[in-house]
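Chain letters run A, B, ... following the sequence lines, proteins first and then strands; every chain starts at 1. Computation of the quantities below employed the complete heavy-atom set of this structure, encompassing side-chain atoms and omitting hydrogens, waters and symmetry-equivalent molecules.
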2 protein chains.
Amino acid sequence: MRAQDLPGIRHLPLFRDMRQAHFEALMQGCYAQNFPAGLELVRQGDPADFLHIVVEGLVELYADWGGRECTMGILRPVGTFILAACIRDAPYLMSARTLERSRIILVPASDLRATFRQDPEFAVSVINDLAGNFRTMVRHAKTLKLRNSRERIAAWLLQQAEVAGASSYQLPIEKRFLASYLGMTPENLSRALKSLEADGLRVEGARVTITDRAKVEALAQPDLLIDGPDPEAEGGAAALPGPSPE
Amino acid sequence: MRAQDLPGIRHLPLFRDMRQAHFEALMQGCYAQNFPAGLELVRQGDPADFLHIVVEGLVELYADWGGRECTMGILRPVGTFILAACIRDAPYLMSARTLERSRIILVPASDLRATFRQDPEFAVSVINDLAGNFRTMVRHAKTLKLRNSRERIAAWLLQQAEVAGASSYQLPIEKRFLASYLGMTPENLSRALKSLEADGLRVEGARVTITDRAKVEALAQPDLLIDGPDPEAEGGAAALPGPSPE
DNA sequence: CGAACCCTTGACAGAAATCAACTAAGGTGG
DNA sequence: CCACCTTAGTTGATTTCTGTCAAGGGTTCG
């Protein structure tokens, strides 16, 4: 555990309000590890022994069933994941793997459970975090059930433009992960992106440009109750809530 | 507020561990109301002023966007809903309506937030409840993204057979709600149900019969990490966790 | 330089939504 | 008690959407 990892963690909504003594005790029991890209950190079905914190790198949350696989979320530093499983002392519902070389802090789940029983402020933070995670997942289910694939793509690209603060930006993740996250195949995404040129969206390689915002919005109908944001909802399964690089 | 409503509420995982004085104070501030069938209790986007408890009847959680609508969950007594929005003091992400004449208890969200700050046991219960809700929604997203419609139907009908404890049972909800919950149209469900006769499932009206469990399981591939159960996960958006009639 | 790998494109098959019509069941009011 | 109305469910025809299979281009990395 490096000292320079601590400030970023301490500033997370989950940890920022707890008592310093408790924070230090919690961090004392942590393990820190650097992982290469492509490594499986967590396997769905495993007992949830550790809360994970990404302090460097990029992590994918995914699920599989019957040989199929899908991306459930992607996390950038600094973010936590699989809090809910740790708290319930239940098996992980999602797997996690590094997409880049990553540095991960592992917080023993038992320490976590002991701490929020002692520290009311921390309990409140956990409550807020879980509520945010739940709402993020409700939003995800809503977009899957209420929008078709072109609408989902348009809404997601529009939201990323907000995050980037510009009408032209680089895709922060590979297209295949985006496709999987949005519930479609890469081929389907590829075709849909081309067709979206008629709706005010141009995508060339990883560069996205909103050429006609009114048209895009007419298609995507961005909605606060689907496209967020729930601030502080970064744990669990959010897809790139943080600012995306250029 | 009737006295006979209290025991059922007190036995909910959310309320069973809190201090009696706090429980009584919380219930003191509640409103109880009987609603006819088909009434909208909560509109998505509204500020979350009340935690809702169904003590009698049947309530649908649903979402809409761009003129489309989908069922997100169905609740039977005794169950709570929209806890997460109350805690975050954020707009509801889902609407709720009565499907039958129902009796609902309304708990002011501000009282709720004040209480879990004072009562550590209650805070732990809230944490567990939210974690369960989150996991329920992850499962829902997983089934939507990883299974096709026939597989989703088979898995759901199989799960209901477990709940009913019999290989033949009555559907606890109308088919159109089931269709919407599973992310398809009623027509599609109707056709799929007929085709499932070849996979060991017979459905006649509301009566479901598993005629060949091995075949059904071969299709549905029931999975603990999708089809539950997370016990105590009854709030939020579970679809019929409770025992179904007949 | 070669080997992966991501992305794209095309052709096709399969799944699902839509539109329309019809049946059956339940409830209402005469 | 029955005619009527409403609504859920079903069925069929059709279109649209989406996944699958196959192949090729481009890039990155060893």
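- Among residue pairs with one or both ends in residues 32-45 of chain A, those qualifying as salt bridge (Lys or Arg N to Asp or Glu O under 4.0 Å) are Glu40(A)-Arg43(A), Arg43(A)-Asp64(A); sequence neighbours excluded.
- Residues satisfying the ring-ring contact (aromatic ring centres under 6.0 Å, His included) criterion with Tyr62(B), sequence neighbours excluded, are absent altogether.
- Note on the helix from dC1(C)-dG30(D) to dG30(C)-dC1(D): angle between the axes of the first and last five pairs equals 40°, rounded to 10 degrees.
- For Phe50(B), the ring-ring contact (aromatic ring centres under 6.0 Å, His included) partners are Tyr31(B), not counting sequence neighbours.
- Between Lys194(B) and dT10(D) there is no side-chain polar atom (N or O) within less than 4.0 angstrom of OP1 or OP2.
- Side chains of Gln170(A) and Arg207(A): a donor-acceptor N/O pair is present below 3.5 angstrom, by distance only.
- In this entry the distance linking CG of Leu189(B) with P of dT18(C) reads 15 Å, nearest Å.
- dA16(C) atom C1' lies 14 Å from atom CG of Leu182(B), rounded to whole Å.
- Listed by chain and residue number, Glu151(B) satisfy the salt bridge (charged side-chain N to carboxylate O under 4.0 Å, His left out) test with Arg68(A) (two or more places apart in sequence, or in another chain).
- Between the P atom of dC5(C) and the CZ atom of Phe177(A) lies a distance of 12 Å, rounded to the nearest Å.
- Regarding Arg207(B), its CZ atom lies at a distance of 17 Å from the P atom of dG9(D), rounded to whole Å.
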Q: If a protein heavy atom is under 4.0 Å from the base, mark B; if only from the sugar-phosphate, S; if neither, -; do that for nucleotides 13-30 of chain D going 5' to 3'.
A: B----SSBB---------
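- Residues that satisfy the salt bridge (charged side-chain N to carboxylate O under 4.0 Å, His left out) test with Glu100(A), not counting sequence neighbours, are absent from this structure.
- Counting only residues at least two apart or on different chains, the side chain to side chain donor-acceptor pair (under 3.5 Å) pairs with a member in residues 48-61 of chain A are Arg2(A)-Glu56(A), Glu60(A)-Thr71(A), Glu60(A)-Arg97(A).
- Put simply, CG on Leu193(B) is 13 Å from P on dA16(C), counting in whole angstrom units.
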List, with names and distances, any nitrogen or oxygen atoms from the protein found under 3.5 Å away from nitrogen or oxygen atoms belonging to nucleotides 22-24 of chain C.
none

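- Rounded to an integer number of Å, the gap from Glu197(B) CD to dT10(D) C1' is 14 Å.
- Judged by distance alone, the side chain of Lys215(A) and the main-chain N or O of Glu197(A) form no donor-acceptor pair under 3.5 Å.
- In terms of the side-chain hydrogen bond (donor to acceptor under 3.5 Å, both in side chains) criterion, residue partners of Thr143(B) (sequence neighbours excluded) are, by chain and number, Arg147(B).
- The side-chain hydrogen bond (donor to acceptor under 3.5 Å, both in side chains) test applied to Ser195(A) returns Arg150(A), not counting sequence neighbours.
- For Glu174(B) and dT10(D), the CD to P distance is 12 Å, given to the nearest whole Å.
- Within the structure, salt bridge (Lys or Arg N to Asp or Glu O under 4.0 Å) contacts touching residues 182-194 of chain A (residues at least two apart or in different chains) do not occur.
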